[in-house]
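Heads up: the structure comes next, in structure tokens.
The figures that follow rest on heavy atoms only: side chains count, while hydrogens, waters and symmetry mates do not.
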Amino acid sequence: MLDINLIRQNPEKVAASLKKKMWDVDFTELLKWDEERKALIQVVEGNKAEMNRLSASVPQAKKNGEDITKIFAKVKEIAKNNAENEGKLKELDEKIYNFLVVLPNIPDDDLLPGEKENNKVIRTFKEKPTFDFPIKDHVELATSLGLVDYERGVKIAGRGSWVYTNLGAQLEWALLNYFISEHLKDGYEFILPPHLLNEQSGLVAGQFPKFKEDVFWLDGLEPKRFLLPTAETALVNLHRDEILSEDDLPKKYFAYTPCYRREAGSYRTEERGMIRGYQFDKVEMVQYTKPEDSDQAFEELVNKAERLVQGLGLHYHVSKLAAGDISHSMARTYDIEIYIPSIGIYKEVSSASNARDYQARRGMIRYKDKATGKNRYVHTLNASGLATSRIFPALLEQNQQADGSVLIPEVLQPFMGGLKVIKPIKK
RNA sequence: GGAGAAUUACCCAAGUGGUUGAAGGGGUCGGUCUUGAAAACCGAUAGGGGAUGCAAGUCCCGCUAGAGUUCGAAUCUCUAAUUCUCCGCCA
């Protein structure tokens with residue numbers, strides 16, 4: 001949610017910023033409603049004040065034996081006139097809310113306008129791996145090593161699903177364990193949230209109303225619930241409608257959940273296997289900070305996500321996203337993209353974003369500023385740390401050997417009973 | 001799934017239609033006393049949103065939420081949410 005004051009003060013500037021996100025908006029109507037609303041509030045409240053005064057005078061008038069029916073009539077008359085105004089006011093409030101609630105966040109000033117083509121790679125880790133043998137893709141590797149059963153996944157669930165089997169399940173779990181242990185070391189609080197969330201949570205995170213069709217909704221519970229598309233949705237709502245103490249900030253959380261998304265099925269050869277499914281595992285970090293601390297927190301989150309990939313020894317780069325490619329709710333996003341040799345492209349394993357006060361405004365998440373005693377909106381930030389569904393294939397492909405085996409990164413070995421290499425199953 | 005009860009401020013809680021501008025207690029904060037602390041005593045403690053104003057202030061809305069009745073609602077009615085108790089079912 002954008003601050004309407006910002007729009008009042010400088011509508012052209014806000015419109016220009018949103019334009020960078022490829023979002024055309026004209027505030028003329030909104031500002032007109034806003035003016036009308038202010039004028040109407042004064043009328044409505046003035047009338048209410050008058051009614052309150054009159055009603056309060058009844059007991060005294062009774063005591064004095066005055067004619068109170070006149071007072072009753074007067075109040076009734078004012079109430080009748082006011083009802084219409086109140087109706088109009090409610091309508092205006094709704095119109096203003098509906099206008100504001102769909103607007104995306106304002107991108108940071110230093111971002112390039114436009115979409116993907118204007119994303120900029122700002123750092124790279126390691127060289128692109130080279131192989132002196134014909135490489136296999138991750139689907140082939142996962143199958144020949146007995147790590148993933150795609151066919152049985154489709155059999156028991158349908159398209160867009162797979163089964164981690166045996167060492168594959170262990171590898172997946174080892175990745176998650178490795179991420180979790182690193183976050184614990186860094187003092188982040190571990191959360192296991194529910195996976196079925198209510199609509200308000202989606203609204204506060206900024207996924208709704210725009211992306212209501214992109215999540216899975218469940219029948220059978222009223223009011224309806226949806227399967228979380230990312231743990232961010234849960235974590236960012238933890239302190240909804242709360243006023244935190246300044247000493248509590250920053251709040252640093254991480255959660256492991258599967259993520260459920262409808263977008264699977266955009267089947268392209270580059271999205272074979274587990275690159276895009278209805279369900280994938282992810283560890284997600286979220287921070288609540290004071291506004292002045294959020295830039296630093298953003299760097300911390302990007303850095304943490306990078307260190308996780310570095311620990312695995314995999315080649316990746318960091319992209320600073322153009323304004324039009326960052327998500328609806330976010331002001332700034334860096335993607336960490338990992339190299340997948342078989343398709344020769346980089347795929348997102350972490351997306352680190354600063355929502356600034358956009359989500360906090362929607363969720364009334366505030367803290368009491370000690371110096372002024374005033375309540376201020378917090379800033380919320382999130383970053384994957386990490387999503388396994390791209391790490392897993394990248395790891396298999398980047399670490400494959402000529403004999404078809406795959407080396408397990410040292411950091412994962414303790415979580416896999418010391419196993420150093422996964423060898424093909426003999427037929 | 002069924003039945004019943006409850007929801008008041010940081011916590012507990014009084015309050016069944018009009019000086020409620022919400023009692024009282026606890027806690028917290030400040031003070032007195034003390035070498036320091038405890039105890040005791042004194043004082044403060046309704047938050048939040050909005051309108052207006054340079055400001056002080058004034059006003060509107062706030063007793064879970066939303067509707068309604070009434071000149072007037074914490075109080076009466078309806079709907080919903082949540083919590084608790086009991087019954088049923090169940091991993």
Side-chain angles (χ1 to χ4, degrees), chain A residues 1-9 30-101 192-204 218-226 234 237-249 288 357-378:
Chain A
M1 198 76 113
L2 299 185
D3 182 2
I4 193 165
N5 278 311
L6 221 59
I7 301 172
R8 278 184 198 137
Q9 284 156 17
L30 176 76
L31 291 171
K32 197 189 82 198
W33 295 335
D34 188 47
E35 286 299 313
E36 284 176 33
R37 177 178 167 274
K38 279 193 172 190
L40 207 52
I41 280 180
Q42 288 180 52
V43 176
V44 168
E45 289 191 356
N47 283 337
K48 282 192 174 173
E50 178 66 11
M51 284 157 65
N52 286 344
R53 257 195 306 277
L54 287 169
S55 289
S57 73
V58 168
Q60 190 58 46
K62 257 187 191 169
K63 235 187 246 171
N64 299 346
E66 291 168 30
D67 180 11
I68 47 176
T69 56
K70 269 191 195 156
I71 301 180
F72 293 173
K74 180 76 182 155
V75 174
K76 265 195 164 164
E77 193 195 322
I78 299 173
K80 209 175 129 196
N81 292 334
N82 221 29
E84 197 186 326
N85 288 328
E86 281 183 276
K88 267 192 222 159
L89 187 59
K90 207 173 164 189
E91 246 173 67
L92 280 170
D93 280 337
E94 270 166 27
K95 277 201 249 182
I96 291 169
Y97 175 83
N98 290 335
F99 189 101
L100 289 176
V101 79
L192 288 172
H195 301 179
L196 275 51
L197 302 178
N198 58 28
E199 182 168 358
Q200 181 68 12
S201 293
L203 193 88
V204 168
L218 288 124
D219 288 331
L221 276 171
E222 280 305 324
K224 285 220 189 329
R225 299 182 197 187
F226 66 97
N237 275 281
L238 238 33
H239 296 292
R240 183 211 298 167
D241 295 321
E242 289 182 27
I243 298 171
L244 301 166
S245 135
E246 187 176 336
D247 295 333
D248 290 340
L249 298 177
Y288 296 70
D357 63 3
Y358 184 88
Q359 293 173 324
R361 278 181 190 282
R362 294 167 92 91
M364 293 297 278
I365 310 164
R366 292 162 296 171
Y367 75 98
K368 192 164 286 292
D369 185 281
K370 270 187 176 170
T372 62
K374 293 236 189 286
N375 298 323
R376 301 173 71 199
Y377 290 105
V378 300

* Structure fact -> By nearest-nucleotide position on RNA chain B, the 5'-leaning member of I243(A) and K90(A) is I243(A)

* Determine the contact category for L54(A): base if any of its heavy atoms lies under 4.0 Å from a base atom, sugar-phosphate if only primed atoms, P, OP1 or OP2 are that close, otherwise nothing. => nothing

* G18(B) C1' sits how many Å from M51(A) CE, rounded? -> 16 Å

* Asked: Whom does C59(B) pair with, Watson-Crick or G-U wobble, provided both distances fall under 3.5 Å?
  -> G50(B)

* G50(B) and C11(B), which share atom name P, separated by this distance in whole Å -> 23 Å

* To do: Keeping the roles fixed (side chain from N82(A), backbone from I78(A)), state whether a donor-acceptor pair exists under 3.5 Å.
  => no

* To do: Show the numbers, then the answer: is there a salt bridge (Lys or Arg N to Asp or Glu O under 4.0 Å) between E77(A) and K80(A)?
  => CA-CA 5 Å; E77(A) 193 195 322; K80(A) 209 175 129 196; over 6 Å; no

* To do: May I have the distance from I365(A) (atom CD1) to G48(B) (atom C1'), rounded to whole angstrom?
  => 16 Å

* Expressed as a whole number of Å, how far does the C1' atom of A73(B) sit from that of G17(B)? -> 7 Å

* Separation of the C1' atoms in C61(B) and U19(B), to the nearest angstrom -> 22 Å

* Structure fact -> Among the nucleotides C61(B), C71(B), U52(B), whichever has the atom closest to the side chain of K76(A) is C71(B)

* **Salt-bridge present (K88(A), E91(A); N to O < 4.0 Å)** => no

* Rounded interatomic separation in angstrom, taking CD from E86(A) and C1' from A51(B) -> 14 Å

* Assign K38(A) to base, sugar-phosphate, or nothing according to its heavy-atom contacts below 4.0 angstrom with the strands shown. => sugar-phosphate

* Of R53(A) and E45(A), whose nearest nucleotide on RNA chain B comes first from the 5' end? -> E45(A)

* With heavy atoms under 4.0 Å as the rule, sort R366(A) into base, sugar-phosphate or nothing. => sugar-phosphate

* OP1 or OP2 of C61(B) sitting under 4.0 Å from any side-chain N/O of N52(A)? -> yes

* **A3(B) pairs with, by Watson-Crick or G-U criteria that keep both distances under 3.5 Å** => U85(B)

* Does A23(B) have a Watson-Crick or wobble mate here (both distances under 3.5 Å), and if so which one? -> none

* Structure fact -> M364(A) atom CE is separated from G50(B) atom C1', nearest whole Å, by 11 Å

* Asked: Say you pick atom C1' in G62(B) and the same atom in U20(B); how far apart are they, in whole Å?
  -> 14 Å

* Asked: NA contact type, K70(A), heavy-atom cut-off 4.0 Å: base, sugar-phosphate, or nothing?
  -> nothing

* To do: Identify the nucleotide, in any strand shown, that forms a Watson-Crick or G-U wobble pair with A9(B), with both distances under 3.5 Å; if there is none, say none.
  => none

* **Pairing partner (Watson-Crick or G-U wobble, both distances under 3.5 angstrom) of U77(B)** => A67(B)

* Figure out the CZ/C1' separation between F72(A) and G18(B), and round it to whole Å. => 11 Å

* To do: Go ahead and name the base partner of G36(B); Watson-Crick or wobble counts if both distances stay under 3.5 Å, otherwise write none.
  => none

* Check for a donor-acceptor pair, side chain of S57(A) on one end and backbone N or O of L54(A) on the other, with a separation under 3.5 Å. => yes

* Asked: Whom does G43(B) pair with, Watson-Crick or G-U wobble, provided both distances fall under 3.5 Å?
  -> C29(B)

* **Separation of the C1' atoms in G2(B) and C89(B), to the nearest angstrom** => 11 Å

* Structure fact -> Assigned chi class of G17(B) under the 90° convention is anti

* Are S201(A) and N198(A) linked by a side-chain donor-acceptor pair shorter than 3.5 Å? -> yes

* What nucleotide among C59(B), C71(B), G47(B) has an atom nearest to a side-chain atom of S55(A)? -> C71(B)

* Nearest whole angstrom, please: distance from the P of G50(B) to the CZ of R8(A). => 9 Å

* Spacing of the P atoms in A5(B) and A74(B) (rounded, Å) -> 23 Å

* **Spacing of the P atoms in U34(B) and A44(B) (rounded, Å)** => 24 Å

* For A56(B) versus C42(B), give the span between their C1' atoms, rounded off to a whole number of Å. => 30 Å

* Asked: Would K48(A) and E86(A) pass as an ion pair if we require N to O under 4.0 Å?
  -> yes

* In whole angstrom, what separates D241(A)'s CG from A81(B)'s C1'? -> 13 Å

* Under 3.5 Å, is there a donor-acceptor pair between the side chain of R225(A) and the main chain of H195(A)? -> no

* **E242(A) and Y367(A), any side-chain heavy atoms less than 4.5 Å apart** => no

* To do: Give none if G72(B) has no partner; otherwise give the nucleotide forming a Watson-Crick or G-U wobble pair with it, both distances under 3.5 Å.
  => none

* When the distance from CD1 of I41(A) to P of U52(B) is rounded to whole Å, what number comes out? -> 8 Å

* Asked: Taking the side chain of K48(A) as its heavy atoms from C-beta onward, which of C61(B), C71(B), G48(B) lies nearest to it?
  -> C61(B)

